[in-house]
Each structure stands twice: as structure tokens, then as C-alpha cells.
Amino acid sequence: MNYTPYIATTVQTEEERTVDAAFRELMNCYVNSNHRKHVEIIERAFKFAKEAHKGTRRRSGEPYILHPIAVARIVVEELGLGSTSICAALLHDVVEDTDYTKEDIERSFGKKIADIVEGVTKISGGIFGDKASVQAENFRKLLLSMSTDIRVILLKMADRLHNMRTLGSMRPEKQYKIAGETLYVYAPLAHRLGLSKIKRELEDLAFRYEHPQKYNEIIEKLSETEEHREEIVEEFVRPVKKMLDEAGFKYEIKARVKSAYSIFNKMENKKIPFEEIYDVYAVRVIFENDDDALEKLKCWQIYTFFTEGHRLHPERLRDWISIPKANGYRALHLTAMGPEGKWIEVQIRSRKMDEIAELGYAAHWKYKNGVQEDETELDTWMNTIKDILAHPEPNAIDFLDTIKLNLFSSEIYVFTPKGDLITLPSGATVLDMAFAIHTHLGIHCMAGKINHKLVPLSHQLESGDQVEIITSDSQEPNPEWMEYCQTAKAKTRLKTYLRKAGVELIEEAKKLENGTDKKDKQGENKKSLVRKILRNPFSSKKKGEGKPKPPIDRKQTFILYPDENEPNYHIDSCCSPLPGDDVLGFVNEDEEVVLHKVNCPYAMKLKSAYGSRLVVTKWGGNASKFIATVSIDGIDRMGILEEITELVSRKLAINIRTLNIDTRQEVFHCDMTVQIDTAEHVDHLCASLLDIKGVKFAKRTS
């Protein structure tokens, strides 16, 4: 079905034809969806927005109205939403960028659309402003709006996705800010909402702008191996297809490749090259099913088809059907051995499961055709968000961290002594579970009991644990407990209690830093907490020292000169970048540039919360000597250590500062600290080490 234009076309400019063509494409998507066809109100919203944005352009030079049209298309085509959300998407920037008010929107389109537009307006321009208090407040507004009507955050997701797709027109420092904010907040939020397709695209787009060279290398290698991958997958599924056909299944099998960002993360975390990523391959079996009662049975039937022709990985079975993920995701996962010894992950889903997985539980069911469902895990999570908002965190970074604790990608499932199921993030402790059940239990928690064995309140839980919380009325929390909290609820409730009890963390921190709390045997453990609290990300020295420096132009690329006696930048110890690394500069209070690696976890927070302090950097000049650590693993043999030192010291003329080697049976591990010029030289050193017989692994670790 094709959409009939709302007006007879008159003589139009090329630009007007482009705008109308974009709107027609949007409407074609809408009229071919399964929503009720409220065409007239969408046409009115388009005319309203087009007139409101008349004469306004995006940074790319195109008419501004093309942006809300694109967002609306994402809303209907990729999120599965209907006319209310489409209208709100078309109007989402009108209140923010024009003279029209919420009242104007409400008079023309009703209260619901006006409320959604206002919710998106409150969090426009990115989550964060220039001041910490404003940043935290803006993020609260986002979450508060989301807890009132989930469509607010879904529209913001669509808005962010289109901004990421068109990020190339922005200045480099803005690209870094938006990409960092996307990776730190929006991608995890998309995951929690079940928007897996959007999550993957947001991550890949952010990766593309933060590490363009590494992104291109991975995409090139994926392209080079595509044909071979398809052959392997086809051979792998051939016997299963035959069994599916004989059993009368209607199905489709999709080959799926791991995303570039996921591959990069695995390469970085495991310190391995692309060629050693073994789970690049994935297969998805999607079957048609008319009877919900048979859905689970059919999944396990297909599972048996894979067991008959393949060897299965004994530790990689994931049953997300019996216990769905917190975002509503349901599927059966297994990993089987394919041709050439390649492990291939298999996801078995019904069509309904697949739609929920791709479109998101919230978008596809919560508001589909206006039908409200019973309370779900998503509603439970939303209630947790409301709980966090009721116990505000004044510092923007801390507030982000608290929220991010609830955006974990993996969950565990534990049980109370009565058999009640509780979902917690991976890494959660006995203390987290106590607070999850009731604040009183958390405040007075002393320990836990698992399988009749006492465990401390810091003990990390595993899926399947049945946990009894041991309490005492005389037990009271102390600041050290913050180290044991992995959930947002536990952290916020604990901080609230400590404040009410008159225990201010910052005062405790100052006492420990000044050495006045000498009686505490666990002072060193507390000090690690202290350093996190007192850390100022932008101060490299005491304020007021030295002469005032001229302001740094943050719109221009800042050239880094490492060859001077005093480099024109500071290096943060959290990631210790080398010349040649992908780095970002943050301008501190003294107008000095502090460097972080682009993918440094702490830098990710700073990009999100202090984007206005970003400056794009570029290495210049000749590097002086820097310290780097290289880890080496291999098969031990007589003389191998001598060959390693000979290569590094004599052939490559690199100064070894420290060398620690540990040998167990036939295998050795070596950590070597060297004085080096650039990141490129470290890579060359590692490649050279791999040429030594017996060396199996050589990678820079710091």
C-alpha cells in the first residue's frame, strides 16, 4: 500500500521536493504497519513542524525539518510505535527551538502528545549541560519522564540514533562528546529497554568516531572473511534444515556476525588479535508459531536437532525462556562446534520472541494498539528508577554511576529461603540482596547463609543461590559498606542512611587522608574509597599555583608536544596513554590539557558529564621516553629468557626497567616494563617478541 500525498503538488523547489519525498517515505512505512491509520493528525503535525522550522537548517546545511521526519521514521519503522509517537517525533524540537509553546501543541494535538513533546524537550541537547548540578538534574528529568511515559525515552532514543547517523557534520570535539555520552548512557539504556538492534548500532557508530582506524580495520577483516563465513554457516545448518523441514516447521535461519564494537571490546579485554575471536559466528533460527502453549516445546525440539548432528559446548547453554531477562528477552541459546573447529552460537526464537528482542519489550507490547499488559520485569526496573530519584545524588558523576549500576548487561537469579525469585546485576553481593528485599534488612545485615554455610555481606552471589539474610538490631552500616554495593538501590539507601545518621562521607574521607583515623585497622581499604570521593578530574595541581594561562581554544585541534622538557599536557594515571594512542584532552581549571585514552572507563564518564571541557588532540613533535608494560606468555625452554632480553635490549635498543617471570611446569608468564617512545613502537616490540620460538602471546597491558 502506498501513501497518497496530503496536497496536490504545485511548483516546488528541489529542497521542497526532497522534504515532501522524505515525508511520503515516512507515511508509506506507517500505512504499511499494523497500526490504526490516523493519517490526518500526522499530516497536521508535519505541516505544523514544517512551518515552525521554516528557514532553519542543520549543521550539515539541509533543512531542519528532515531531522524530525527521520526521527519519526525510526519511531514507526524500527520501534514499532504508532500515530501518537509519530506526531510527537515530528514535533519534538518545536518547543525547544521555536517560539511555539507546550500550550500551542496541546491546543492543536491534545494533552498526551504535548506531554511527550515536553518530556523530550526537558532532556534536549543531550543529557548534560555545563554545570554538574545541571547535568544531574537533566538526567533526573530524563528518568522521571521515562517513568511517567516510556515513549519519552523511546523518542529520545530515536533522536539520538539519527544524530549518531549524521554525526559526521559535527565538529570533532562534539563528535567525541556525543559518542562518549552514547556509549556511557544511551547504549546501556537501549539494552535495558530491550532495543538490541538500536543498541548495537549506537555502539558501532560511537566506536566508528572514537576509533576510526580500528573500526575500519575490523570492518575490512569482516568483509574479507564474509564469503568464507557464509560457507561455514551453510554447512553447519544444512542437516538442521533437513530435520526442520521433515518436522513441518515454517522458519527462517539468519547468519549473524558479531558487531565491530563487540569484537573490539573482546580484543581489548582479552588482549588478543582479530584472528583469535572464536565467537564471530552466530546463527538465529526463527520459527512461526500460532500456539503460545507450544512455543517452549518447539524451542527445545529445535535444540535436539542441533544435538543430533553437532557437538555442543557443555557450559554455553542459556535458557532465557523459563526465566526471561529483565528487559523481556526470551530465547534459547546454545553453542555448537561447526566446520573447521569453529564454535557457533545458536539462538532459537519464535517470531514473537524475535520481535520483542529486536524492537524491545517496551516499544512492541507496552503501547502496541494502546493495550496495557500486566506488570513485567520492565515495570519492576522502572520502579527501581523511581526509587533512585526519590534519593537524589548531588554529584553528576556519582549519579551517573548509580544509575549505570542498574544498566548491567547481565543478570543473576537468586532465591529467598521461601523460594521467591530475585533478579540482580552480575556481581551483586549479599548486601545488595538484603537491600533488594527491604531497606531494614540491608541496614541491619550482618552476613548471609548459602547452602548452610555462612558468608560475609561482601560475598558475591551466583545464579541459583538460595540466600538467607542474617541480621542483628545492633548492626549499623559504615562508609566501608559502599565498597560492597553493586546495585543502585543498595547504594542510594545506604548513602541516605549515612547522611541521616550524621556520617558524612566527605568528612570521613578527609579524616582518613589526614591520618587522623589511626585506630581503624581497615584504614587502607577505606582510603581507596576516599580517593574516589576526593578526586577532582580537572585539577593537576593546587588552584592558584603558577601564572594564569591563556584560555585554550576548544574548537581547534590541540597539538601535543611530548618532546619538550615540560610537555604541554598532563597524563592521567588511570590509563597512562602513550604518543600514538587514540587520546582525548580535557581542559582543567588551570587551562591545562589532561590526556586520557579514548576508551578509558573514567574518560567515558568525563565525556558524558563534562563534554564542554573536551578538546580534540593530535600528536606532534618527537616523543621522549615513556613507560609501558608488556605481558608475555609462552612455552618454557632453556635460553628463552636470554633471547627475549637480547631482542629487546640489543636488537631493538629498548631499555628494560623491570622484568618479572613466573614459570609453572612447561608454561611461563613474564611482565616486562620498558622505556619506550610511542605506542607504535610497543606494537612493533610485541610483534617482534612473537617471532621468538615458544612465545605465544605478547601484548601491551599498560
Side-chain angles (χ1 to χ4, degrees), residues 192 315 318-320 322-326 377 380-381 383-388 390-391 393 398 401-501 503 505 508 520-530 532-533:
R192 178 55 84 168
E315 298 177 1
R318 300 289 183 267
D319 178 7
W320 299 115
S322 303
I323 305 177
K325 288 188 177 183
E377 284 285 352
T380 304
W381 180 69
N383 289 332
T384 304
I385 294 297
K386 292 177 184 177
D387 185 73
I388 296 167
H391 301 80
E393 182 68 54
D398 289 347
D401 279 344
T402 302
I403 291 297
K404 196 162 170 60
L405 286 172
N406 260 46
L407 302 180
F408 272 112
S409 58
S410 57
E411 295 104 9
I412 60 170
Y413 302 93
V414 294
F415 299 88
T416 67
K418 293 182 178 180
D420 294 328
L421 175 69
I422 295 178
T423 304
L424 293 169
S426 178
T429 63
V430 170
L431 186 60
D432 290 311
M433 181 172 177
F435 274 108
I437 297 170
H438 196 280
T439 301
H440 180 82
L441 281 182
I443 296 300
H444 298 291
C445 177
M446 289 187 68
K449 187 186 286 185
I450 302 174
N451 300 326
H452 309 291
K453 180 183 177 183
L454 277 176
V455 294
L457 49 81
S458 60
H459 176 83
Q460 288 194 351
L461 303 175
E462 296 180 2
S463 269
D465 282 348
Q466 191 164 17
V467 187
E468 180 184 349
I469 303 298
I470 310 297
T471 63
S472 169
D473 289 340
S474 62
Q475 175 81 316
E476 289 189 351
N478 63 65
E480 188 181 341
W481 282 21
M482 293 300 297
E483 294 287 327
Y484 309 148
C485 296
Q486 296 299 319
T487 62
K489 182 174 183 178
K491 287 211 169 200
T492 52
R493 290 300 171 88
L494 182 55
K495 285 184 180 180
T496 300
Y497 178 88
L498 291 171
R499 289 192 188 105
K500 286 181 179 177
V503 182
L505 284 178
E508 182 80 7
D520 197 326
K521 293 180 181 179
Q522 298 184 359
E524 282 306 310
N525 289 335
K526 284 191 177 182
K527 283 188 179 182
S528 65
L529 168 64
V530 168
K532 293 177 186 175
I533 295 171

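Values below: all heavy atoms of this structure, side chains included; hydrogens, waters and symmetry mates excluded.
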Report yes or no: does [X] contribute a side-chain atom to a donor-acceptor pair with the main-chain N or O of [Y] at less than 3.5 Å?
X	Y	result
D432	Q486	yes
Q466	F415	no
Q475	C445	yes

List the atom of [X], the atom of [Y], and the distance in Å for their closest heavy-atom pair.
X	Y	result
L431	C485	CD2-SG, 3.8 Å
G442	F435	C-CZ, 3.6 Å
P417	V467	CD-O, 3.2 Å
V430	P456	CG2-O, 3.7 Å
Y497	P477	CE2-CD, 3.3 Å

### Message
Within the 4.5 Å heavy-atom criterion, are T416 and I437 side-chain neighbours or not?
### Response
yes

### Message
For a 4.5 angstrom cut-off between non-hydrogen side-chain atoms, does L498 reach W481?
### Response
no

### Point-to-point distance, once rounded to the nearest 0.5 Å, from NZ of K449 to CG of L454
6.0 Å

### Task
To the nearest 0.5 angstrom, please state how far the CD atom of E483 sits from the OG1 atom of T429.
11.5 Å

### Query
side-chain hydrogen bond (donor to acceptor under 3.5 Å, both in side chains) with S322: which residues, sequence neighbours excluded?
K296, D319

### Query
H440: what forms a ring pair (Phe, Tyr, Trp, His ring centres under 6.0 Å) with it, not counting sequence neighbours?
H444

### Message
I450 vs H459, test: side-chain contact (heavy atoms from CB on, under 4.5 Å). Steps then yes/no.
### Response
CA-CA 10 Å; I450 302 174; H459 176 83; 3.7 Å; yes

### Message
One pair to check against side-chain contact (heavy atoms from CB on, under 4.5 Å): I443 and L441. What are the steps and the verdict?
### Response
CA-CA 6 Å; I443 296 300; L441 281 182; over 6 Å; no

### Query
With sequence neighbours left out, what residues match V414 under side-chain contact (heavy atoms from CB on, under 4.5 Å)?
I412, I422, L424, M433, L461, D465

